[in-house]
Participant: 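The structure is given below, and queries will be raised subsequently.
Both counts, for ligands and for their atoms, begin at 1 and track the order of listing. Quick caveat, the model's predicted, so the values are computed rather than measured.
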Amino acid sequence: MCGIFGCLGKHNLITQTLQGLRLLEYRGYDSAGIVYRTAQGKLRVIKAVGDINQLTARVKTRPATSLCLGHTRWATNGGVNLKNAHPQVSFNEQIAVVHNGIIENYDACRTKLQKKQIKLRTEVDTEVIPNILYLLQHNKHKIHQYLRGQYVFAAADTTTAPGFFVAKSGTLPLYLGRAKDTVYVSSDTMAFPATVQQIIALNDGDTGEITLDGSKFYHLGQPITKAWQAFTPLNKQTDKNGFATYMAKEINEIPDVLNRITAAYQQDETLLLHQRQFHRQLSQTDCVHLCACGTSYHAALIIAHLIEKHLHLRAIAHVSSEFTADTLIDKRNLAIVISQSGETADTLACISLLQAHRVPIVALCNVTSSTIAGQSELCFPLLCGPEIAVASTKVFCAALLVGCLLINRFNPADCAALGQLAQTTLQQARQLIHLPANRPQKIFFIGKQIDYFLALESALKVKEVTYTHCEGYPANELKHGPLSMIDQHSLAVVYQSDSTSNAVAEITARGGQVITLPPLAPENPLNFITRIIPAQIMALDMAEQLGINPDKPRNLAKSVTVL
Ligand code: G6P
């Protein structure tokens, strides 16, 4: 994962880089760093363990500079410490690199460099890049011949005119942005300032030498031309709107999101056309494969269940990373990929497999400018606006509603009622799940059928932001094992239905605490879409009690771009 942001120009480049990095923190926040060119043409590196606040505190002065590159890290190989933070510099401090991805032949590169008496100082794969660039001197565009893996990076070199070098191998995103007198590089166009009017997306195999006077591009070592594309800066909406955390803000946006989706999918001409196309595809399909990770996978489980129930069509939800060449697929199948970010590497790997089998791909995606959206034949937007908190909340509800609208077997009045139902659920959430005074050591969410999938998602929310042991379980399955865990230190939150009373009795008989969660608006068959809200609020409240920032839980990142 990791975020890259940098700029080449004249004004406030260090401040601009820090601002850009802040917008990329969703890609990881284990450590961060910047490098800039000093007036003497040297490279000055400043790094910090932790997030951009920690880095900003270490940047004591912000001298004028012609180039600044920055990085926010989610550690893959090499521990979380200052030494392993990016930028990484060549042995002679001539070249500095900020990198996202993994260099798979890192060991071989390291051995080659050692044979040339170049000693590496860290545990990170990134460190080989500036040293290999140093050896390549004026042939940097041949770098892809030396590195293997999925990677993007930007490099600064003291021996060249002010500018930077970029390279991309695989599907990880890297963009250049151009404003009047500044050129930017970023992992996400969302981080570009409002002055950026044109962008270039790097493709697999591209390299580029970027200067203010003009840039040179290569593809697999051969010169190519790349044209700047018009770009409309995005409305970032990144304030918390009065809420203490993004997670709280985003849960409270669920009513608006549901109303927005219902209106758009019933009125927008393009969306209506795409829905008709989707229904034609469905009519030619004998099996639907749904692929997704994390929260999006839980939405996939529910949508698969509904496709089988309402359309009598085989539908299988796969955790993306478990969807492999051994999975039975053929071109009569249809794939639905679900992703908030649209950049999840495990889901992108599924797309490659599906494309190889010529399976049509439909995406349910929140970021419509993302790689997953671009690789799909049809992309249905989730219309949530930016989701910043690592734990996904509003997008889960949005994916469920879009899935239901695509299934097209529900009463429009029931869809239209969901915004109000979400509002009522928000108001009643803390009465529905009233946290016990004694904090439970282990928590079980249980339910049947769709409620079981909600239980899985509820447990994931609590795990993500409270670090408490928590599991989602099918109600009737408790007696086949997990009941042995129940004692006075455990809490079971039960998604109540006609068939959960036995489970409640079994837990109570063994001294476990039980909270039962009755459905609000049981007459609305779509009520499961808003039923997750009390568990989301429970996770949020527990995080607050524990002093954990739910927007940035330890070890996680919002967008997971490594396999
Ligand atoms: C990460 C995030 C989760 C998210 C999952 C899938 O693990 O922390 O919140 O559910 O990725 O992400 P996607 O963007 O593909 O929905």
Participant: Which atoms from ligand 1 have a heavy atom of E464 less than 4.0 Å away?
Facilitator: 9 (O)
Participant: With no hydrogens and no angle check, just 3.5 Å: does a side-chain donor-acceptor pair link S392 and K461?
Facilitator: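 There is no such pair between these side chains.
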Participant: Measure V560 to ligand 1 on non-hydrogen atoms and call it side chain, backbone, both or neither using the 4.0 Å cut-off.
Facilitator: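 Near ligand 1, V560 shows its side chain, while the N, CA, C and O stay back.
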Participant: Below the 3.5 angstrom mark, is there an N/O of Q340, backbone or side chain, next to an N/O of ligand 1?
Facilitator: yes
Participant: Among all protein heavy atoms, pick the one closest to atom 6 (C) of ligand 1 and tell me residue, atom and distance.
Facilitator: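 Among all protein heavy atoms, the one nearest atom 6 (C) of ligand 1 is C293 O, 3.4 Å.
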Participant: Need the ligand 1 atom indices (1-based, order shown) with element for anything under 4.0 Å from a heavy-atom of T344.
Facilitator: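 Those qualifying, in numeric order: 12 (O), 13 (P), 14 (O), 15 (O).
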Participant: Quick check on contacts: which atoms of ligand 1 are under 4.0 angstrom from a heavy atom of G294?
Facilitator: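 Listed by number with element: 10 (O).
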Participant: Do E343 and T371 meet the criterion of a side-chain donor-acceptor pair at a distance under 3.5 Å?
Facilitator: yes
Participant: What part of A557 sits under 4.0 Å from ligand 1 if we count only heavy atoms: the side chain, the backbone, both or neither?
Facilitator: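 The answer is the backbone of A557.
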Participant: State yes or no: are the ring centers of H99 and F153 separated by less than 6.0 Å?
Facilitator: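 No, ring centres 6.0 Å or more apart.
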Participant: Looking at D541 and R430, is there a salt bridge between them, counting it only when a charged N and a carboxylate O are closer than 4.0 Å?
Facilitator: yes
Participant: Under 4.0 Å from a heavy atom of T295: which atoms of ligand 1 are those, numbered in the order shown and with their elements?
Facilitator: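 Those of ligand 1 that fall under 4.0 Å from T295 are 10 (O).
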Participant: Counting only heavy atoms, which portion of E343 has something under 4.0 Å from ligand 1: side chain, backbone, both, or neither?
Facilitator: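 Contact part for E343 vs ligand 1: neither.
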Participant: Decide if atom NE2 of H434 counts as having more than 12 heavy atoms of other residues, nucleotides or ligands within a radius under 6.0 Å.
Facilitator: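 Count not over threshold, so no.
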Participant: Between K83 and E123, does any side-chain N to carboxylate O distance fall below 4.0 Å?
Facilitator: yes
Participant: Any nitrogen or oxygen of V390, main chain or side chain, under 3.5 Å from a nitrogen or oxygen of ligand 1?
Facilitator: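 N/O-N/O distance under 3.5 Å: yes.
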Participant: Answer yes if the side chains of R73 and N84 hold a donor-acceptor pair under 3.5 Å, and no otherwise.
Facilitator: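 No - no donor-acceptor pair under 3.5 Å links their side chains.
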Participant: Taking 4.0 angstrom as the limit and counting only heavy atoms of S339, give me the atoms of ligand 1 inside it, by number and element.
Facilitator: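 Heavy-atom distances to S339 below 4.0 Å select 13 (P), 14 (O), 15 (O), 16 (O).
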Participant: Give a yes or no on this: more than 12 heavy atoms of other residues, nucleotides or ligands lie within 6.0 Å of atom CD of E544.
Facilitator: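 12 or below, so no.
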